[in-house]
Asks: 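Take a look at the following structure, please.
Order of the sequence lines fixes the chain letters, A, B, ..., with proteins taken first and strands second; residue numbering starts at 1 for each chain.
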Number of protein chains: 2
Amino acid sequence: MVERGRPRAFDRNEALHRAMRLFWTRGYDGTSVSDLAEAMGINKPSLYAAFQCKEKLFYDAVALYEREEGGKFLEALQAGPTAREAVGEALRVNARLFADPQKPGGCMIVVSALATDPDHDAVRCFLSGNRSEAEAAYRKRIERGVAEGDVPAQADAARAAAFYAAIQAGMSVHARDGAGERSLLEIVDGAMAAWDHVVMPGIVDNGRPDETGRS
Amino acid sequence: MVERGRPRAFDRNEALHRAMRLFWTRGYDGTSVSDLAEAMGINKPSLYAAFQCKEKLFYDAVALYEREEGGKFLEALQAGPTAREAVGEALRVNARLFADPQKPGGCMIVVSALATDPDHDAVRCFLSGNRSEAEAAYRKRIERGVAEGDVPAQADAARAAAFYAAIQAGMSVHARDGAGERSLLEIVDGAMAAWDHVVMPGIVDNGRPDETGRS
DNA sequence: CCTTTTGTGTACCGTTCGGTACAAATTGCT
DNA sequence: AGCAATTTGTACCGAACGGTACACAAAAGG
C-alpha cells in the first residue's frame, strides 16, 4: 500500500527548487502563485496539491535553501580550529554565496521578506526567527571557543555574535546592490579585524595586543 | 493667479508623512493604495490628484524620509572633526534612529523594497541608488579626511565606505528583528574598532598603532 | 474489469489590486 | 451672477491576486 492513484508527473524536489529560486529573487510578496506555477512547470492545482498553500510552499522553500545553501556555512562554522578562524571562514563562505553570479544576490532569509503587510506578518517573523538562529550559531561557536580555550573566558559571545550577524546581513544588502565577491570578502576582512575588540569590549580598546589567546 | 478652484481640504505634507510611515513599516509591495488613502485620511481620487500614482508617492515619501530622518546623519558625517569621529557619530545617529521605538525599525531605504517582482524593479533600483549615495557620502567624508590630514594618504576610502555602509545596512536588519539602541551602538563600537585596518588594509593588520592622526 | 485513489488541466471563484469617470462642491476671476 | 478651475466622495473599471470545483486520466488492489 505504498503508492495509490495516479503518480505525480513532476519531480517535487525539482519544482521546490525552482520555487525557492523565484522566492529568493522576488521576495514573498513579489512572487505570485501563477508565476510560481509557471516557473515550476506545473499548474496551480498540482502546486496546491503538493504544497498546500503559498505560505507553506515558502516555508518549504526556505528549508530547502537552508539545506542546500546554508550547509557549507554551518560546516565552516564548526570546522575552524578556533572560534576566530571559524567565524572568519563562515563569513567568507557566505560572501561567496551571496555574490555568486549564478544565484540571486544576498541571503534569501534576509532579502525575501523584510517588510510586509500585516497579513503576511507570520512570514516576516518566520524569517526573523531564522536570522536569530544564525546569530545563535555564531554565539554558540564563540562560547565553544571559550570552552576550548581559544577565546578568553571574559568574552562577550552574545555581543560578538550580534556584530557578526549584522555584518552578514549587511553583506546581503550589499550583494543585492551588485557588490561582487571581492567587495564582500573585503568587508569580512574588515569585520575580522575588530575581533579582539568585539569579543572583549572594554578590555581591548582596539587592535590586538596579543593573539596568543589560543590554548 | 495663485490659487484657483476648490482648495485642498488636507495638509499635503502631513498626508505624505503618514504615507511615508506606512511604506516604511510595510514596504512598497506590502502597502496598498487603499491602505495609504485610509492612513492619510483622504480618498483615493484625492491621493491620485496630489501624488499622481503609487510609485511617485513612494518616491516623494522617500525624499521626505531623507529630509526628515536622513538630515541628522549627513550633518553628523560633516560635523565631526576627523573622518573617524564623523563616521562613528554618523553611525551612532543612525543606530538611535533605527532603534527608535516611536518609529518603524531600521532604515526605510533598506527595508522597504529589497526584493520585488520585476514590474516594480524601478522602485528597487531607486532605493539601491540611494544606498549607493549613502556609501558615496561615507567615501567622500573619508577622502576629505585624507585632504585634511586626519586620514593617511594611502587610505582606501572606497573600501572603508563599503564596509561602513554594509554595517549600516546590517543594523537596519537587526533593528527590524527587534534589536534595541544599546545593541546597535555596540555594533557601531565594534565596527569603529576596525577603523585603522579598514582604512589601510594590508598596512595595519589589526588594531591601531597610533590614534593621533588628528591634525 | 471495476473500484478506489490520486494527479492533471481547464475554467472559474470571490477579493483585492492600482487607477479612474463623473457629478457635486468650493474657490478665484470677471 | 456667471464662468473657469480644481477638489471631493461615490461608485466603478479591468486585471491580477490566492485558491478551488470539476471532469478526466492514470495508477494499485480486488
Side-chain angles (χ1 to χ4, degrees), chain A residues 1-16 18-19 22-23 25-61 112-113 115-124 126, chain B residues 1-16 18-19 22-23 25-61 112-113 115-124 126:
Chain A
M1 197 219 273
V2 274
E3 278 184 36
R4 304 258 299 184
R6 181 171 175 172
R8 188 175 282 133
F10 62 95
D11 182 330
R12 193 184 187 276
N13 243 331
E14 168 64 19
L16 181 57
R18 293 189 195 181
L22 208 62
F23 275 130
T25 306
R26 304 185 182 180
Y28 184 82
D29 281 337
T31 311
S32 77
V33 176
S34 299
D35 291 340
L36 285 164
E38 190 183 346
M40 297 160 87
I42 60 179
N43 291 106
K44 286 201 283 179
S46 299
L47 188 157
Y48 280 98
F51 302 100
Q52 278 71 264
C53 66
K54 186 188 180 187
E55 193 173 328
K56 286 191 179 169
L57 171 59
F58 181 73
Y59 296 151
D60 282 355
S112 60
T116 62
D117 66 318
D119 290 352
H120 301 146
D121 210 48
V123 171
R124 198 187 52 75
F126 173 76
Chain B
M1 198 218 270
V2 273
E3 279 185 34
R4 301 260 298 187
R6 182 172 174 172
R8 188 176 281 135
F10 62 96
D11 182 330
R12 192 185 187 275
N13 242 332
E14 168 65 18
L16 181 57
R18 293 188 194 181
L22 208 62
F23 275 131
T25 306
R26 304 185 183 180
Y28 184 82
D29 281 337
T31 311
S32 76
V33 176
S34 300
D35 291 339
L36 284 163
E38 189 183 345
M40 296 160 88
I42 60 179
N43 292 107
K44 286 200 284 177
S46 299
L47 188 158
Y48 280 97
F51 302 100
Q52 278 72 266
C53 67
K54 186 189 180 186
E55 193 173 327
K56 285 191 180 170
L57 171 59
F58 181 73
Y59 296 152
D60 282 354
S112 60
T116 62
D117 66 317
D119 290 351
H120 300 146
D121 211 47
V123 172
R124 199 186 52 72
F126 173 76

Asks: Tell me the interatomic distance from A:D117, atom CG, to C:dG18, atom C1', rounded to whole angstroms.
Replies: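 Going from A:D117 (CG) to C:dG18 (C1'), I get 15 Å.
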Asks: Whole-Å distance between D:dG19 P and A:F58 CZ?
Replies: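 Going from CZ in A:F58 over to P in D:dG19 covers 14 Å.
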Asks: Let me know the distance between CZ of B:F10 and C1' of C:dT26, rounded to the nearest Å.
Replies: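 Whole-Å distance recorded here is 15 Å.
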Asks: Send over the distance from B:R6 CZ to C:dT27 P, rounded to a whole Å.
Replies: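 Computing the B:R6:CZ to C:dT27:P distance gives 8 Å.
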Asks: If you draw the axis of the six-membered ring of A:F10, does the NZ or CZ of A:R8 fall within 45° of it and under 6.0 Å from the ring centre?
Replies: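 Cation-pi check for A:R8 and A:F10: passes.
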Asks: Answer yes when B:R18 and B:D11 have at least one side-chain N-carboxylate O distance shorter than 4.0 Å, and no when they do not.
Replies: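 Result for this pair is no, no salt bridge flagged.
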Asks: Under the 6.0 Å and 45° cation-pi test, does B:K54 pair with B:Y28?
Replies: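 The answer is yes; both the distance and angle limits are met.
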Asks: Is B:R8 close enough to D:dT7 that one of its side-chain N or O atoms is under 4.0 Å from OP1 or OP2 there?
Replies: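 Affirmative; the distance criterion is met.
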Asks: Counting heavy atoms not belonging to A:E38, are there more than 12 under 6.0 Å from its CD?
Replies: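 Counting neighbours around CD of A:E38, 12 or fewer heavy atoms of other residues, nucleotides or ligands fall under 6.0 Å, so no.
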Asks: How many Å lie between CD on A:E55 and C1' on D:dG19, as a whole number?
Replies: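 Spelled out: CD on A:E55 to C1' on D:dG19 is 14 Å.
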Asks: Using a cut-off of strictly less than 4.0 Å between a heavy atom of the residue and any atom of DNA chain C, enumerate the qualifying residues of residues 25-53 of chain B by number.
Replies: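 Heavy-atom contacts with DNA chain C come from B:T31, B:S32, B:V33, B:K44, B:P45, B:Y48, B:C53.
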Asks: D:dA4, D:dG29, C:dG18: which one has an atom nearest the side-chain heavy atoms of A:R4?
Replies: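 Closest nucleotide among those given: D:dG29.
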Asks: From B:T25 OG1 over to A:D117 CG, what is the distance, rounded to the nearest 0.5 angstrom?
Replies: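 So the OG1 of B:T25 and the CG of A:D117 are separated by 12.0 Å.
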Asks: Round to a whole Å and report the spacing from CG of B:D119 to P of C:dG19.
Replies: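 Between P of C:dG19 and CG of B:D119: 12 Å.
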Asks: Please round to the nearest 0.5 Å and tell me the distance separating atom CG of A:N43 and atom OH of A:Y48.
Replies: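 It is 12.5 Å, given to the nearest 0.5 Å.
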